Visitor: 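Below you'll find the structure I mean.
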There are 2 protein chains.
Amino acid sequence: MPGMAVRTHQSQRRRQVLTRERIVETAVELLDASGKDALTVRALTGRLATGSGAIYWHIGNMDELLEAAADAVVATALARPAEVAPQDEIRAVALGLFDAVAEHPWLAAQLAAQLIRNPWGPVTLRIFESVGRPVSALGVPRDDWFTTTSTLVHYVLGATAQTSQRADGFEVDRAEFLATASRAWRDLDPDDYPFMRAIADQMREHDDREQFLTGVNLVLTGIAALHIKGD
Amino acid sequence: MPGMAVRTHQSQRRRQVLTRERIVETAVELLDASGKDALTVRALTGRLATGSGAIYWHIGNMDELLEAAADAVVATALARPAEVAPQDEIRAVALGLFDAVAEHPWLAAQLAAQLIRNPWGPVTLRIFESVGRPVSALGVPRDDWFTTTSTLVHYVLGATAQTSQRADGFEVDRAEFLATASRAWRDLDPDDYPFMRAIADQMREHDDREQFLTGVNLVLTGIAALHIKGD
DNA sequence: CCATGATTGGAGCGATGCTCCATAAACCAA
DNA sequence: TTGGTTTATGGAGCATCGCTCCAATCATGG
């Protein structure tokens with residue numbers, strides 16, 4: 001692994017043809033272009049004109065690379081927003097993640113995977129911090145910061161997951177997709193699925209992004225009702 | 001695939017040694033015992049004393065098997081609860097999922113994967129129905145059923161994901177794990193992570209299940225405040 | 001009783017992640 | 001400069017995986 005011995009200078013060494021950064025960068029390109037299955041060691045060696053050994057000298061294993069790729073994209077998406085009211089900042093952070101997942105369809109699965117495998121890894125930390133900061137500025141008592149932020153983050157992650165794949169189609173496809181699903185719900189067994197049949201119409205006409213924001217607002221309302229006095 | 005031609009009788013045929021059900025059952029056993037990586041075609045052929053061809057005659061591909069396994073487990077977990085007040089039923093459904101994920105650590109990743117790949121697949125449908133039914137009994141106007149239920153479901157799925165892996169250790173390990181994480185948060189850069197440092201203590205002492213329920217209640221409060229009149 | 005179709009078991013293909021090693025390139029001390 | 005040490009590279013090869021394909025088996029009905 002690099003940087004193990006004395007960092008003599010930080011000399012560039014043969015102009016450092018292969019860096020961890022360059023690998024992560026290329027990984028994101030591959031993921032964006034063709035999804036998770038396209039990110040293989042062999043695809044990387046092809047694009048970078050190198051061998052698998054060189055890659056593994058920089059990156060440990062595939063999971064680590066995926067984690068780094070996700071971290072890079074999330075870091076960009078959560079770049080410090082402008083100074084606004086706490087509620088608006090929370091919405092901005094949430095939408096930042098929502099849009100990042102829309103631009104990088106592979107990100108949803110990766111976020112979920114990391115949340116599960118390593119619940120307090122760097123990516124989760126970043127998201128928590130970005131959501132928690134405005135939460136603490138919201139007037140919520142200190143003792144409720146953790147609980148409140150957790151709820152918000154969990155909602156955001158769950159919601160981005162379900163709506164992550166609307167990216168690879170156009171509006172037309174989406175309308176068609178919704179119509180098909182809505183129709184399928186109508187044909188469900190009335191005894192087993194009365195509720196789904198009842199909301200088939202609402203579902204057909206809903207907008208994912210709008211629905212996402214509605215959810216954020218709903219949680220924010222709950223926070224205000226429970227934890228903010230005099231509101 | 002089976003059942004393609006005339007279902008002569010539903011004769012048992014050599015007592016139908018290999019069925020889709022038996023395969024799914026065995027898959028769940030393997031998953032429970034040793035996690036997702038342990039579910040391989042070869043492991044299945046070993047346990048079932050058959051060949052891969054026989055398995056693929058019943059089951060299409062690996063993803064379909066995982067989906068079936070998840071569906072089976074979720075169906076059990078969401079078995080119709082007793083008739084109670086809507087709010088309690090919602091909590092019961094949520095905890096049912098929470099506990100199912102605790103018992104079957106692989107389920108969290110699988111739920112996330114299916115939510116992403118096929119947002120309205122059978123498993124999601126089942127969860128939506130189970131949550132939506134009490135929501136509609138809550139007094140929420142019909143037009144808000146979809147939105148409200150979505151928010152609840154998304155929170156539940158996000159939360160179960162993060163807390164899914166507390167199963168494979170004992171209480172001691174967990175305390176140690178939390179202490180380690182809490183300590184790590186203290187050492188974070190105060191400029192980059194002021195919030196995480198501030199909540200390090202709360203995090204060390206929190207209980208996952210309790211925190212999960214707190215989140216559900218927070219969302220329920222939001223729903224009541226926004227959509228239930230005279231409350 | 002045999003012909004047809006339903007079901008099985010396993011060999012084998014293509015692809016993957018990763019290890020291992022023979023080199024090459026940069027560095028350091030003399 | 002020179003020789004040795006560390007850093008970094010490229011690729012061959014191994015174990016394993018999902019899945020396909022096919023010859024063999026079993027059950028049933030004409």
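If you're wondering where the values come from, they're calculated on a predicted model, not measured in any experiment.
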Visitor: What integer distance in Å separates A:Arg22:CZ from D:dT9:C1'?
Guide: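 From A:Arg22 CZ to D:dT9 C1': 13 Å.
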
Visitor: Answer yes if the side chains of B:Thr124 and B:Gln114 hold a donor-acceptor pair under 3.5 Å, and no otherwise.
Guide: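 Checked: B:Thr124/B:Gln114 side chains show no N/O donor-acceptor pair below 3.5 Å.
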
Visitor: In whole angstrom, what separates A:Leu44's CG from D:dT9's C1'?
Guide: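 To the nearest whole Å, that distance equals 15 Å.
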
Visitor: Do A:His154 and B:Phe212 touch side chain to side chain, with heavy atoms closer than 4.5 Å?
Guide: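 With C-beta onward as the side chain, the pair stays apart.
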
Visitor: Which whole-number value in Å describes the distance from B:Ile55 CD1 to C:dA11 C1'?
Guide: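 Computing the B:Ile55:CD1 to C:dA11:C1' distance gives 16 Å.
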
Visitor: What is the per-nucleotide protein-contact pattern of nucleotides 13-21 of chain D, from the 5' end, where B denotes a base atom under 4.0 Å from a protein heavy atom, S denotes such proximity for sugar-phosphate atoms only, and - denotes neither?
Guide: B---BBBBB

Visitor: For a quick test of your reading: what N or O donor-acceptor pairs under 3.5 Å do the side chains of residues 182-191 of chain A make, sequence neighbours left out?
Guide:
unit_1: A:Ser182; atom_1: OG; unit_2: A:Ala200; atom_2: O; d: 3.0
unit_1: A:Ser182; atom_1: OG; unit_2: A:Arg204; atom_2: NH1; d: 3.2
unit_1: A:Arg186; atom_1: NH2; unit_2: A:Asp201; atom_2: OD1; d: 2.7
unit_1: A:Arg186; atom_1: NH2; unit_2: A:Asp201; atom_2: OD2; d: 3.2
unit_1: A:Asp189; atom_1: OD1; unit_2: A:Asp191; atom_2: N; d: 2.7

Visitor: Can you name the nearest heavy-atom pair linking A:Ser164 to B:Ile116, along with the distance?
Guide: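 It is OG-CG2, 3.5 Å.
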
Visitor: Send over the distance from A:Leu66 CG to C:dG17 C1', rounded to a whole Å.
Guide: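 The answer, rounded to whole Å, is 12 Å.
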
Visitor: Whole-Å distance between C:dA6 C1' and B:Arg20 CZ?
Guide: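 Checked: the CZ to C1' distance equals 18 Å.
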
Visitor: In plain terms, say whether A:Arg117 and A:Glu67 are close enough for a salt bridge, that is, a side-chain N and a carboxylate O under 4.0 Å apart.
Guide: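 Salt bridge: no.
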
Visitor: Can you check whether B:Arg126 reaches B:Glu129 side chain to side chain, under 4.5 Å on heavy atoms?
Guide: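 Not touching, per the 4.5 Å side-chain cut-off.
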
Visitor: Which whole-number value in Å describes the distance from A:Trp57 CH2 to D:dT6 P?
Guide: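 So the two atoms are 13 Å apart, to the nearest Å.
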
Visitor: Rounded to the Å, how far apart are B:His58 NE2 and C:dT7 P?
Guide: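 The distance from NE2 of B:His58 to P of C:dT7 comes to 7 Å, rounded to the nearest Å.
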
